[in-house]
Protein chains: 2
Amino acid sequence: MSSMIDPANIVPKYYQLANILREKILNGEFPAQDAIPSERQLEEQYNLSRPTIRQAIDLLERQGYLYRVHGKGTFVSPPKLQKGMLELTSFSEDMRNRGLEPGQRILDFGYVVPSAKIAHQLGLNAPDGQVLRIKRLRYGNDEPIGLQDSYLALGENQSITRDEIEAKGSIYAMLEQKYGIYPTEADETLEVTLATPEEADLLKIPVGSPLLLNERTLWSQDRKAIEFVSILYRGDRYKYFVRLTRKW
Amino acid sequence: MSSMIDPANIVPKYYQLANILREKILNGEFPAQDAIPSERQLEEQYNLSRPTIRQAIDLLERQGYLYRVHGKGTFVSPPKLQKGMLELTSFSEDMRNRGLEPGQRILDFGYVVPSAKIAHQLGLNAPDGQVLRIKRLRYGNDEPIGLQDSYLALGENQSITRDEIEAKGSIYAMLEQKYGIYPTEADETLEVTLATPEEADLLKIPVGSPLLLNERTLWSQDRKAIEFVSILYRGDRYKYFVRLTRKW
DNA sequence: TAAAATGACTGGTAAAGACCACTTAACATC
DNA sequence: GATGTTAAGTGGTCTTTACCAGTCATTTTA
């Protein structure tokens with residue numbers, strides 16, 4: 001059974017324990033709102049030290065599966081709060097989450113000199129870095145959903161070809177695979193605009209229709225700006241979702 | 001000087017250390033992108049054990065001030081990423097953050113039987129709990145900004161009076177003070193709508209103007225639903241902001 | 001000269017033990 | 001019966017000690 005800790009495993013013990021406990025939460029063995037075994041009990045049960053137990057619980061607490069009450073115990077969060085942590089998703093992921101098949105049409109692709117606004121968002125002082133612009137019409141189930149204009153700040157020896165984009169769809173998936181760059185933080189704004197004739201034409205909606213404008217600056221795990229992107233969503237087809245937490 | 005650990009202080013040592021380090025980051029003593037002293041060095045410097053040091057750094061890492069690189073060191077995040085963690089803010093806080101003075105006019109106040117949608121959002125099975133509805137027109141610098149319709153799921157012995165709302169402005173501040181309830185998690189959606197005649201009249205905009213509809217369900221630290229609220233923002237006066245992280 | 005090994009640094013994981021602070025229920029007291 | 005006390009259980013903090021796993025400059029070796 002996989003519900004034991006394997007000391008030989010490369011995976012850290014606290015991580016193994018977290019996976020075991022998460023599994024028990026998800027399959028209902030630990031029902032919502034119930035207390036899980038105390039840290040001392042887990043210590044005996046899994047033959048681990050208390051710090052290791054606490055590290056596992058810390059992880060699950062941050063992930064929203066558990067919450068602790070001093071003096072009482074550690075409890076299972078209701079299912080509502082368990083899934084879909086603070087998500088930072090690409091358009092493709094977002095569409096799949098909504099049960100739609102993502103698609104795209106590339107409208108523009110090439111290196112450009114960034115505007116002052118975009119250079120600022122990407123933290124480029126001198127316009128030395130190469131900025132790749134990718135403008136795409138994005139589809140959900142073959143229906144135009146959004147107009148995406150992306151500016152990527154690539155490093156010295158990094159490049160992305162049009163063919164790769166065509167094949168993969170998701171830029172983020174590609175950056176992960178090719179260069180080990182993971183998007184970890186982003187600032188987003190959302191506001192309302194009205195469709196210009198060009199936008200209306202591409203999105204197949206009347207001129208002046210309300211749109212949801214989403215602008216995002218993305219940073220990687222080493223805190224370098226990766227991308228500034230604006231996405232114009234059809235107001236009648238898209239609802240933005242986000243989960244927020246306040247902890248500190 | 002406050003840059004030392006006080007063992008007698010009620011504040012935990014790891015927390016004191018985190019405050020000291022955060023201060024050094026913010027005042028530039030630890031410049032962005034530079035490495036801070038290693039964990040062993042801090043151990044000597046502050047006469048603390050390494051687990052305690054690590055606990056402090058863990059905190060600052062989660063707050064976005066620092067990031068670690070295995071084998072190299074712990075580094076200061078660029079300022080862009082330091083401020084304004086994942087904020088879960090009330091309307092009043094939000095306005096103040098934007099440099100505007102929040103104001104309000106109460107349009108409706110009283111206990112109601114929740115609609116099916118609202119009961120579901122609040123996780124009420126039977127309509128036993130009392131649901132307090134507060135409908136308010138919200139101002140920023142005396143200009144109407146948003147139309148807020150709030151439904152509060154209060155506990156047995158909890159109540160809020162109209163006078164308290166008038167005086168305080170923020171419901172959250174009141175819940176914290178009176179009942180120790182802290183909003184810790186929320187789901188939000190944003191979408192575009194068009195102003196109805198009633199909404200247009202209240203917000204002093206033309207009928208059919210685009211609005212930003214923000215719906216939010218709020219949970220407290222003990223994972224109970226506190227509130228479901230919808231806010232209709234003037235599309236020409238409001239931009240939504242959020243910071244996202246992906247860590248696990 | 002170039003490749004490989006070394007060693008000294010970094011953060012990452014783990015154990016064992018101690019004491020504090022909060023919660024609760026059983027108990028003793030008035 | 002109501003009230004205050006106590007004790008046991010919980011998570012919270014902290015120390016000491018050890019070893020593992022990446023990184024990188026230096027040294028050794030082929």
Side-chain angles (χ1 to χ4, degrees), chain A residues 4-21 30 33-62 65-77 180 182 184 221-223 247-248, chain B residues 4-21 30 33-62 65-77 180 182 184 221-223 247-248:
Chain A
M4 285 305 294
I5 305 294
D6 174 12
N9 198 322
I10 334 92
V11 177
K13 292 182 183 177
Y14 79 91
Y15 207 87
Q16 291 185 47
L17 178 58
N19 287 336
I20 291 169
L21 296 178
F30 292 158
Q33 298 295 10
D34 275 26
I36 67 168
S38 76
E39 298 178 356
R40 271 87 170 177
Q41 286 168 356
L42 291 172
E43 209 173 339
E44 277 206 33
Q45 192 170 341
Y46 292 99
N47 201 28
L48 294 172
S49 68
R50 190 153 164 244
T52 303
I53 302 284
R54 283 182 62 78
Q55 215 173 343
I57 295 179
D58 281 349
L59 188 58
L60 293 175
E61 191 187 18
R62 285 201 301 276
Y65 291 98
L66 296 173
Y67 64 99
R68 301 201 242 218
V69 183
H70 190 176
K72 295 184 71 175
T74 301
F75 301 86
V76 176
S77 299
Y182 296 85
T184 54
Q221 74 274 25
D222 61 356
R223 269 49 183 183
K247 271 240 149 162
W248 347 93
Chain B
M4 285 306 293
I5 305 294
D6 174 11
N9 198 323
I10 334 92
V11 176
K13 292 183 182 177
Y14 78 90
Y15 207 87
Q16 291 186 48
L17 178 58
N19 287 337
I20 291 170
L21 295 178
F30 291 158
Q33 299 294 12
D34 276 26
I36 67 168
S38 76
E39 297 177 356
R40 271 85 172 181
Q41 286 168 356
L42 291 172
E43 209 173 336
E44 277 206 31
Q45 192 170 341
Y46 292 98
N47 201 26
L48 295 171
S49 68
R50 193 159 159 235
T52 303
I53 303 283
R54 283 181 62 80
Q55 214 173 344
I57 295 178
D58 282 348
L59 188 58
L60 293 174
E61 190 187 18
R62 286 201 300 276
Y65 291 98
L66 297 173
Y67 64 98
R68 300 200 244 219
V69 182
H70 190 176
K72 294 184 73 173
T74 301
F75 302 86
V76 176
S77 299
Y182 295 86
T184 54
Q221 74 273 25
D222 59 357
R223 269 47 183 185
K247 269 241 152 166
W248 351 90

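Basis for what follows: all heavy atoms, side chains included, without hydrogens, waters or symmetry-related copies. These numbers come from a predicted model, not from an experiment. The chains referred to below are lettered A, B, ... by the order of the sequence lines, with proteins before strands, and numbering in each begins at 1.
For A:Arg50 and D:dT13, the CZ to P distance is 11 Å, given to the nearest whole Å. Nucleotide D:dC14 holds its P atom 17 Å from the CD atom of A:Gln55, rounded to whole Å. The CG atom of A:Leu66 sits 11 Å away from the P atom of D:dG11 (whole-angstrom rounding). Between B:Leu60 atom CG and C:dG11 atom C1' the separation is 16 Å, expressed in whole Å. If you take OH of B:Tyr67 and P of C:dT10, they are 17 Å apart, rounded to a whole angstrom. Here C:dC22 presents its C1' atom at 13 Å from CZ of A:Phe75, a figure rounded to the nearest Å. If you take CG of B:Leu42 and C1' of C:dG11, they are 12 Å apart, rounded to a whole angstrom. Note: CD (A:Glu43) to P (C:dA15) measures 9 Å, nearest angstrom.
In this structure, the nucleotide among C:dA15, D:dG12, C:dT13 sitting nearest to the side chain of A:Pro12 is C:dT13.
Toward the 5' end of DNA chain D, the nearer of the two residues B:Val69 and A:Ser38, judged by each one's closest nucleotide, is A:Ser38. Residue order along DNA chain C, read from the 5' end via each residue's closest nucleotide, puts B:Glu39 first among A:Asn47 and B:Glu39. The 5' end of DNA chain D is approached more closely, in terms of each residue's nearest nucleotide, by A:Pro37 than by the other of B:Gly71 and A:Pro37.
In this structure, the side chains of A:Ile53 and A:Leu17 come closer than 4.5 Å at one or more pairs of heavy atoms. Considering only heavy atoms from C-beta on, A:Leu60 stays 4.5 Å or farther from A:Thr74 through its side chain. In this structure the side chain of A:Leu66 reaches within 4.5 angstrom of the side chain of A:Ile36, judged on heavy atoms.
When heavy atoms are screened at a 4.0 angstrom cut-off, B:Ile57 is found touching no nucleic acid atom at all. Among the atoms of the strands shown, base atoms are found under 4.0 Å from some heavy atom of B:Pro51. Heavy atoms of A:Gln16 sit nowhere under 4.0 angstrom from any nucleic acid atom.
Distances shown here put a side-chain N or O of B:Thr52 below 4.0 Å from the OP1 or OP2 atom of D:dT15. Here A:Lys72 does not reach the OP1 or OP2 of C:dC22: none of its side-chain N or O atoms lies under 4.0 Å away. B:Arg54 has a side-chain polar atom (N or O) that falls below the 4.0 Å cut-off from OP1 or OP2 of C:dG12.
Judged purely by atom type and a 3.5 angstrom limit, A:Gln16 uses its side chain to pair as donor or acceptor with the backbone of A:Asp6.
Under a cut-off of 6.0 angstrom, the local environment of CG in B:Asp34 is crowded, with over 12 non-hydrogen atoms contributed by other residues, nucleotides or ligands.
Residue side chain B:His70 does not reach the base of D:dG22 through any donor-acceptor N/O pair under 3.5 Å, judged by distance alone.
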